[in-house]
Asker: 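Before anything else, here's the structure in question.
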Number of protein chains: 2
Amino acid sequence: MSGKEIRRSMPLFPIGTVMQLTELTARQIRYYEEHQLISPARTDGNRRLFSLNDIDSLLEIKDLIDQGVNMAGIKQLFLVKEQQSNVVQQQAEKAKQELSDEQLRNLLRHELQQAGRFNRSSLRQGDMSRFFH
Amino acid sequence: MSGKEIRRSMPLFPIGTVMQLTELTARQIRYYEEHQLISPARTDGNRRLFSLNDIDSLLEIKDLIDQGVNMAGIKQLFLVKEQQSNVVQQQAEKAKQELSDEQLRNLLRHELQQAGRFNRSSLRQGDMSRFFH
DNA sequence: AAAAACATGTTAGAAAACCTAACATAGGAT
DNA sequence: ATCCTATGTTAGGTTTTCTAACATGTTTTT
């Protein structure tokens, strides 16, 4: 939960770069922040600095908007997704301590079915990979 | 030669971000550019925009300077390294068309020995990985 | 149908970040 | 003792970003 995430959440990009990367206007990006769909960091001088995670989120937002989802909908989706990944994570952790290998396999299989039924769009994530490597 | 490189050479970061990432001053970064060790892109408004490759180069420059190498030395090292990778690349390409598998294996073995003897520091490259993933 | 809400555009004024160019300087090299 | 190298510092100018406000075309609600 730290090694990888610390880096992808590192504030690196000014809004201009993000505009190009996402093809969103500054207005749109700020509006989505206003509605708490993202929370970019700030420099000492109050300029926004976006992380790779922020950009992933923005690309996802753009996608959802194209599909007619409104702010409230997107917020809910993000919430649920966060919860889900928390659940999966915590349970995986709990499982590691408490369960036998056999039991663990069963649990994971269940979780994954759940995710597949619902979390659909999370498979399209990590879109930033299109910019690097 | 295109897929990966296009992305790592994508102009993304303003100088402020690069300063933090590399712990170099703006003066240093501009000075290295002046000596053509890097060539960051520019925005329409003439602001520098650095790529991941630029940052890799800067980290390498910093390293070499710590080891007492001066501008001229670094320039030469970069030149040789670029040539080398060109040679390896071209020969690999030529080889793919002209040589048998057996011959190809021999050639690559040779090239790699060469590289190992000389290109040493290139193994420490791709340092940006420390910031992501 | 009128009013309200939503998502985005546009504008204005201010502040931050960056630019180039010039001069300053400590430490090595000649 | 002088010159060169790498970097610091300063000044004046330009670009980018900020917030806040008002404008506008679409949907929703009433």
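For clarity, every value in this text was computed on a predicted model and none was experimentally measured. To find a chain, count down the sequence lines: A is the first, B the second, and so on, and within it residues start at 1.
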Asker: What's the CZ-P distance between B:F50 and C:dC18, to the nearest Å?
Answerer: 9 Å

Asker: Taking all non-hydrogen atoms of both residues into account, name the closest pair between A:K75 and A:H35 and its distance.
Answerer: CE-O, 3.3 Å

Asker: Round to a whole Å and report the spacing from CE of A:M19 to C1' of D:dT15.
Answerer: 14 Å

Asker: Quickly work out the B:M71 CE to C:dG28 C1' distance and round it to whole Å.
Answerer: 15 Å

Asker: Taking side chain as C-beta onward, heavy atoms only, is B:I61 less than 4.5 Å from B:Q28?
Answerer: no

Asker: Rounded at 0.5 Å granularity, tell me how far CE in A:M10 sits from CG in A:D54.
Answerer: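 One gets 13.5 Å once the value is rounded to the nearest 0.5 Å.
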
Asker: For A:A72 and for B:R48, locate the closest nucleotide of DNA chain C by heavy-atom distance; then report the residue assigned to the nucleotide nearer the 5' terminus.
Answerer: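 Nearest nucleotide further toward 5': that of A:A72.
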
Asker: Between C:dG9, C:dA16, D:dT17, which one does the side chain of A:T43 approach most closely?
Answerer: C:dA16

Asker: Measure the CD-CG distance between A:Q36 and A:L79 for me, rounded to the nearest 0.5 Å.
Answerer: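 Answer for the CD-CG pair, A:Q36 versus A:L79, is 10.0 Å.
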
Asker: What is the distance, rounded to the nearest whole Å, between atom CD1 of A:I15 and atom P of C:dA15?
Answerer: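 Computing the A:I15:CD1 to C:dA15:P distance gives 20 Å.
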
Asker: Taking only heavy atoms on the protein side, list every residue of residues 28-40 of chain B lying under 4.0 Å from any atom of DNA chain C, sorted numerically.
Answerer: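 Residues of residues 28-40 of chain B under 4.0 Å from DNA chain C: B:R30.
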
Asker: Each nucleotide in nucleotides 25-30 of chain D should get exactly one letter: B, S or -. Can you fill that in based on protein heavy atoms under 4.0 Å?
Answerer: ------

Asker: Between A:R47 and B:R47, which has a closest nucleotide on DNA chain D that is more 5'?
Answerer: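 Checking each residue's closest nucleotide, the 5'-ward one belongs to B:R47.
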
Asker: Contact between B:Y32 and B:I74 at the side-chain level, heavy atoms closer than 4.5 Å - yes or no?
Answerer: no

Asker: According to side-chain contact (heavy atoms from CB on, under 4.5 Å), who are the partners of A:L49, at least two apart in sequence or on a separate chain?
Answerer: A:P11, A:T43, B:T17

Asker: Of B:I65 and B:D44, whose nearest nucleotide on DNA chain D comes first from the 5' end?
Answerer: B:I65

Asker: I need the minimum non-hydrogen distance between B:L21 and B:L59, along with the two atoms involved.
Answerer: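 Taking every non-hydrogen atom into account, O-CD2, 4.3 Å.
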
Asker: Please determine whether side chain to side chain contact (heavy atoms under 4.5 Å, CB included) holds for the pair B:I38 and B:I29, giving the CA-CA distance in whole Å, both sets of side-chain angles, and the decisive distance to 0.1 Å.
Answerer: CA-CA 9 Å; B:I38 52 172; B:I29 295 170; 4.2 Å; yes

Asker: Indicate yes or no: at least one non-hydrogen side-chain atom of B:L12 is less than 4.5 angstrom from one of B:F50.
Answerer: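 Counting from C-beta outward, B:L12 and B:F50 never come under 4.5 Å.
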
Asker: Once side-chain contact (heavy atoms from CB on, under 4.5 Å) is applied, do any residues pair with B:K62, and if so which ones, sequence neighbours excluded?
Answerer: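 side-chain contact (heavy atoms from CB on, under 4.5 Å) check on B:K62 returns B:E23, B:L24.
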
Asker: Only pairs at least two apart or in different chains count here, so list each salt bridge (Lys or Arg N to Asp or Glu O under 4.0 Å) that has a residue in residues 44-53 of chain B.
Answerer: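 Those involving residues 44-53 of chain B are B:E33-B:R48.
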
Asker: Specify the separation, in whole Å, of atom CZ of A:F13 and atom P of D:dT17.
Answerer: 14 Å

Asker: What's touching nucleotides 9-12 of chain D from the protein side, N or O pairs under 3.5 Å?
Answerer:
{"residue": "D:dT9", "atom": "O4", "partner": "B:R27", "partner atom": "NE", "Å": "3.4"}

Asker: To the nearest Å, give me how far apart CG (B:N70) and C1' (D:dC4) are.
Answerer: 11 Å

Asker: Within this structure, what is the CG-to-P distance between B:N46 and C:dA17, rounded to whole angstrom?
Answerer: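 Result: 19 Å.
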
